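Just so you know, these numbers come straight off a predicted model, no measurement behind them. Order of the sequence lines sets the chain letters (A, B, ...), proteins ahead of strands, with each chain counted from 1.
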Amino acid sequence: MRTTQTLIATQREAPADAEVISHQLMLRAGLIRQLAAGIYTWLPLGLRVLRKVERIVREEMDRAGALEILMSGVQPAELWQESGRWDKYGPELLRLQDRHERQFCLGPTHEEIITDLIRREIRSYKQLPANYYQIQTKFRDEIRPRFGIMRAREFLMKDAYSFHLTEQSLRETYQLMYATYTRIFQRFGLEFRAVLADSGNIGGNTSHEFHVLADSGEDRIVFTDSGDFAANIELTPAPLPAQPRPAPQQTLAKVATPGLASIDEVSQSLKVTPAQCLKTLIVNGREGGLVALVLRGDHELNRVKAEKLVTVARPLSFASAARIKEHTGCSIGSLGPVALDIPVIADHSAGRLADFVCGANSDGYHYTGVNWGRDLSEPDCADLRNVVTGDVAVDGSGTLKIARGIEVGHIFQLGTVYSEKMQANVLDETGKAVTLIMGCYGIGVSRIVAAAIEQNNDEQGIIWPDAIAPYHLALIPIHMHKSQRLRDAVLPLYQQLQDAGIEVLLDDRRERPGVMFADMELIGIPHRFVFSEKGLDHGVIEYKGRRDKEITEVPITGAVAFIRAKLTVLKSNRYP
RNA sequence: CGGGGUGUAGCUCAGCUUGGUAGAGCACCACGUUCGGGACGUGGGGGUCGUAGGUUCAAAUCCUGUCACCCCGACCA
C-alpha cells in the first residue's frame with residue numbers, strides 16, 4: 001500500500017478527553033475516530049489490526065474444531081424472558097422496539113440465542129460435544145464508557161459456546177479452549193497470563209481469565225514464580241497469620257485525635273504503624289441491618305470475599321455516612337469495633353492483633369492498647385483482605401507477586417444455567433432426555449487492539465508486534481519525487497517485497513523525512529527501510545526495527561531475504 | 001444513576017470576570033525558499049461561539065432551560 005492511496009490520519013495532539021495511552025495513540029495514529037460516547041469508527045489502518053486479531057482467533061478456533069456461525073446483534077425479548085435475564089440484566093441491556101411494538105435488545109452476549117439454536121438443531125447425544133463460535137459486535141450500555149476502545153459500549157468479541165452430555169466432556173473442551181487461548185495469545189506476541197477467576201454472576205464453577213500484562217491494567221493478578229499459582233486478586237486466598245496473637249501489654253486508653261480520620265493520619269499522629277491500627281468498614285447487611293468489617297490498617301478490603309459472607313448484602317454496598325452517624329453517633333473516620341452493637345467480622349490478620357489502635361465511635365477520639373477478648377469480645381474471623389506482595393501462596397508454591405493486567409479473555413464452565421431454563425436437552429443412549437451441559441469462552445477482540453498498545457508503546461507512539469501490525473514494513477524513500485534513481489530502486493523492491501508475502505507501506509508522500517519517520521513510528525510499523533541517494537551510491541538501504549536504537553545497513557539486493565528473516569510471523573503464523 | 005467539569009475553526013486552546021468588528025498555534029490550500037528527525041516566508045480557505053429562549057440599542061460574554069461530551073464512584077471482554 002502507498003501512503004497516498006490510504007488514509008494516513010495522524011495528528012500531533014490528542015483530544016483532551018483521551019485519558020489512557022492506548023486511546024490517545026489510537027486517535028493520534030488515525031486508527032479510530034469517536035462517533036458517540038463509547039462508539040467508534042475504525043479507520044483503514046485500525047481495521048487492518050482488528051482484522052488480524054480476528055484472523056488469528058478464527059484460525060485457532062477452527063483448528064480446535066469449533067464451528068463458526070454468525071448470530072444477529074438484535075435479539076428478541078422472548079428468549080431473554082425465557083432465561084429470566086430480561087428483568088435481571090438492568091439498563092446495561094439496550095432495549096428497543098420495532099414498528100409492531102415488539103421488544104428487542106442489542107445483544108451484549110449470546111447465550112440465549114445459541115441455546116435456542118442448539119435445542120432446535122441438536123437432538124441426539126451422537127451430535128455431541130459441539131462447540132460453536134462467532135465473531136460479532138456486542139453492545140453493552142455501560143453506565144460510563146471510558147478508556148476508548150478499552151471499555152467501549154460497542155465492541156467486537158469472539159464468543160464460543162460448547163454443549164455436552166457429561167461433565168467430563170465439558171472439562172475436556174474447557175481444557176482444549178484453555179490450550180487454544182494460550183496459542184492465540186502467544187501468536188499475538190503479547191505478554192499474557194492465564195489466571196483462576198471468579199465466575200461472577202454468569203454462574204458456573206470453574207473459570208479462567210486471560211490477561212494482557214500492562215501497568216495500566218485495571219485488574220490485579222497474583223502469581224508465584226513457579227507459576228503453579230495464578231489467580232485474579234479477587235479470589236486469591238490470603239494465608240492465615242503464622243504467629244499466634246501476642247499477649248496484651250498495654251492498657252486500654254482513649255486518646256483525643258481531633259480532626260484525624262484516615263489510618264495514615266492517625267498512625268502518624270500516634271506514632272504507630274498502619275499495621276497496628278484497625279480500620280472498620282460498615283456495609284449493608286443482607287437482612288437490611290448493618291455489618292462491620294474490620295481489617296488491619298495496611299490491608300485492603302476484597303469485595304468478592306466480603307460478598308461471600310452470608311450476613312453481607314450482595315452486591316456489596318457501603319452504608320451511607322448518614323446511616324452510620326445515626327447508628328453509631330460518629331462519622332466514618334472514628335469507627336471502631338469496641339462496644340459496637342452490630343455484627344463484627346474481622347479479617348484473620350486483624351484478629352491476630354494485640355494492643356492495637358482503633359476508632360472510639362466518638363468523633364475526635366481513638367482507643368490505643370485495645371485487645372480482643374479483654375476490651376471487646378473475640379471476633380468472628382474470615383478472609384476479607386486482598387493479598388499483598390510477599391504473602392505466601394496457600395498452595396505452598398512460594399511467595400506471591402502481583403501484576404496489573406487487562407482482561408482480554410474469559411472461559412467458563414457454565415453448567416446447566418441456561419439449558420435448564422430454556423429446556424435444551426438431547427436424548428441419551430437409553431432414550432432419556434438429558435439437560436445439556438454448557439461451557440462458554442469469550443475473547444475481547446477489539447479490546448486486544450487497545451491492550452496491545454497499552455503494553456507496547458514509547459514516546460514516539462505505538463510499537464506493534466509483527467503478528468498484528470497493520471503493515472509489517474515501512475518503506476521511506478527520501479525525496480523520491482525528485483529522484484528517478486530512487487524511484488528505480490524503490491518501486492521494483494516494493495513489488496518484490498509484496499510478492500514475497502510481506503505487507504509493505506510505501507511512504508510516497510512529498511513529505512520531508514522527519515514527517516515520514518514520525519508518522520511511521522506513531523503508527524507503529526515494526527520494521528522500516530530508508531532509501532537515499534547516498535545509500536544507493538553504496539548499494540545499501542537502511543534498516544531499523546521499531547525498538548532498535550541503531551540503524552543497520554543492508555545491501556539492496558539482499559533486502560527481501562533480510563526482512564523475511566526478521567519476520568518470524570510469516571512462517572510460524574501459517575498452519576496447513 | 002449520584003457528584004464535579006467542559007462545550008469557541010479538523011486538533012490544542014485564548015477571549016467571558018467588566019456585553020460593543022470572533023482570535024492564536026498546529027492542520028488544510030496556493031506560490032516561493034528550504035530538504036536525512038514533525039522547515040520558513042507570503043497570501044488564502046474555514047467558526048449558526050453546542051442548542052432553545054430571555055435580558056439589552058447591542059450577547060461567545062449576563063440569566064434560564066436543554067443537549068452532548070469528559071472526569072470521580074457500583075459492572076465487564
Side-chain angles (χ1 to χ4, degrees), chain A residues 9-20 23-24 27-28 30 33-39 53 57 89-93 108-109 135-160 181 197-202 209-212 218-219 232 234 283-284 303-304 307 313-318 320 405-412 440-451 459-461 476-483 509-522 530-535 542 544 551:
Chain A
T10 53
Q11 292 182 332
R12 201 180 294 218
E13 287 171 293
D17 51 31
E19 219 194 343
V20 296
H23 189 199
Q24 293 170 5
L27 290 167
R28 285 190 49 211
R33 288 292 181 256
Q34 186 179 79
L35 183 62
I39 301 179
V53 172
V57 170
Y89 218 92
E92 202 181 75
L93 186 65
T109 174
I135 297 175
Q136 169 67 302
T137 298
K138 308 285 193 201
F139 195 95
R140 293 185 191 167
D141 199 356
E142 298 266 358
I143 294 170
R144 190 153 93 79
R146 55 183 144 173
F147 305 150
I149 290 297
M150 194 87 89
R151 182 176 302 210
R153 289 196 290 177
E154 190 190 66
F155 57 100
L156 192 63
M157 179 170 165
K158 186 283 299 177
D159 49 327
Y181 275 36
D198 184 32
S199 45
N201 48 15
I202 298 193
E209 291 167 351
F210 287 75
H211 286 263
V212 166
E218 287 191 273
D219 285 324
N232 194 301
E234 289 175 345
V283 301
N284 293 309
R303 307 184 77 102
V304 171
E307 278 184 2
R314 308 176 67 158
L316 181 76
S317 62
F318 289 100
S320 69
I406 300 164
E407 184 187 354
V408 289
H410 204 156
I411 58 179
F412 296 91
C440 83
Y441 319 93
I443 289 184
V445 173
S446 49
R447 180 180 280 183
I448 282 166
V449 177
E459 281 292 292
Q460 270 54 250
I476 302 185
I478 292 176
H479 300 129
M480 180 167 69
H481 63 283
K482 287 194 308 201
S483 166
R509 295 175 297 175
R510 292 190 169 202
E511 286 289 356
R512 301 160 64 85
V515 174
M516 297 196 282
F517 293 149
D519 275 351
M520 293 302 119
E521 283 163 1
L522 175 58
V530 175
F531 300 73
S532 66
E533 291 266 3
K534 192 176 65 188
E542 290 170 9
K544 187 168 172 295
I551 283 163

- Testing B/G37, B/C69, B/G36 for proximity to the side chain of A/E521, the answer is B/G37
- Can you find a donor-acceptor pair, distance only, under 3.5 Å between A/R512 side chain and B/U34 base? yes
- note: A/H479, atom NE2; B/U33, atom C1'; distance rounded to Å ~ 14 Å
- Query: Is the base of B/G36 touched by the side chain of A/E542 through a donor-acceptor pair closer than 3.5 angstrom?
  - Reply: yes
- Query: Taking only side-chain nitrogens and oxygens of A/R151, does any of them come within less than 4.0 Å of OP1 or OP2 of B/A77?
  - Reply: no
- A/F517 side chain, from C-beta outward: closest of B/C69, B/U12, B/G36: B/G36
- Ranking B/C69, B/A77, B/G38 by distance to the side chain of A/R447, first place goes to B/A77
- Task: Determine: side-chain N/O of A/R146 to OP1/OP2 of B/C72, distance under 4.0 Å, yes or no.
- Result: yes
- At under 4.0 Å, does any side-chain N or O of A/Q34 touch on OP1 or OP2 of B/C70? yes
- Note on the structure: When rounded to whole Å, the CD to C1' distance for the pair A/E13 and B/C26 reads 6 Å
- Query: Closer than 4.0 Å, any side-chain N/O of A/R303 to the OP1 or OP2 of B/C75?
  - Reply: no
- Item | Interatomic distance where CD1 belongs to A/I406 and C1' belongs to B/A77 [whole Å] | 12 Å
- Query: Taking a pair as Watson-Crick or G-U wobble with both distances under 3.5 Å, which nucleotide is matched to B/A39?
  - Reply: B/U33
- Query: To the nearest angstrom, how far is A/F318 atom CZ from B/G2 atom P?
  - Reply: 21 Å
- Closest nucleotide among B/G38, B/A77, B/C69 to the A/M157 side chain: B/A77
- Which whole-number value in Å describes the distance from A/I476 CD1 to B/C35 P? 20 Å
- With heavy atoms under 4.0 Å as the rule, sort A/E533 into base, sugar-phosphate or nothing. nothing
- Query: At under 4.0 Å between heavy atoms, what does A/D159 touch on the DNA or RNA strands: base, sugar-phosphate, or nothing?
  - Reply: nothing
- Let me know the distance between CZ of A/F147 and P of B/C71, rounded to the nearest Å. 7 Å
- Query: Which part of the nucleic acid, if any, lies within contact of A/A9, taking any heavy atom under 4.0 Å across all strands shown: a base, the sugar-phosphate backbone alone, or nothing?
  - Reply: nothing
- Name the nucleic acid region contacted by A/E407, choosing base, sugar-phosphate or nothing; use a 4.0 angstrom heavy-atom cut-off, strictly under. sugar-phosphate
- Query: What is the nucleic acid contact for A/V408, judged by heavy atoms within less than 4.0 Å: base, sugar-phosphate only, or nothing?
  - Reply: sugar-phosphate
- Task: Give one of base, sugar-phosphate or nothing for A/K158, where a contact means two heavy atoms less than 4.0 Å apart.
- Result: nothing
- Item | Selected nucleotide, minimal atom distance to A/P513 side chain, candidates B/C26, B/G36, B/A77 | B/G36
- Whole angstrom value for the distance that separates C1' of B/G36 from CE of A/M520: 16 Å
- Item | Length of the line joining A/E19:CD and B/G4:P, which is rounded to integer Å | 19 Å
- Looking at every strand, decide which applies to A/I443 at a 4.0 Å heavy-atom threshold: base, sugar-phosphate, or nothing. nothing
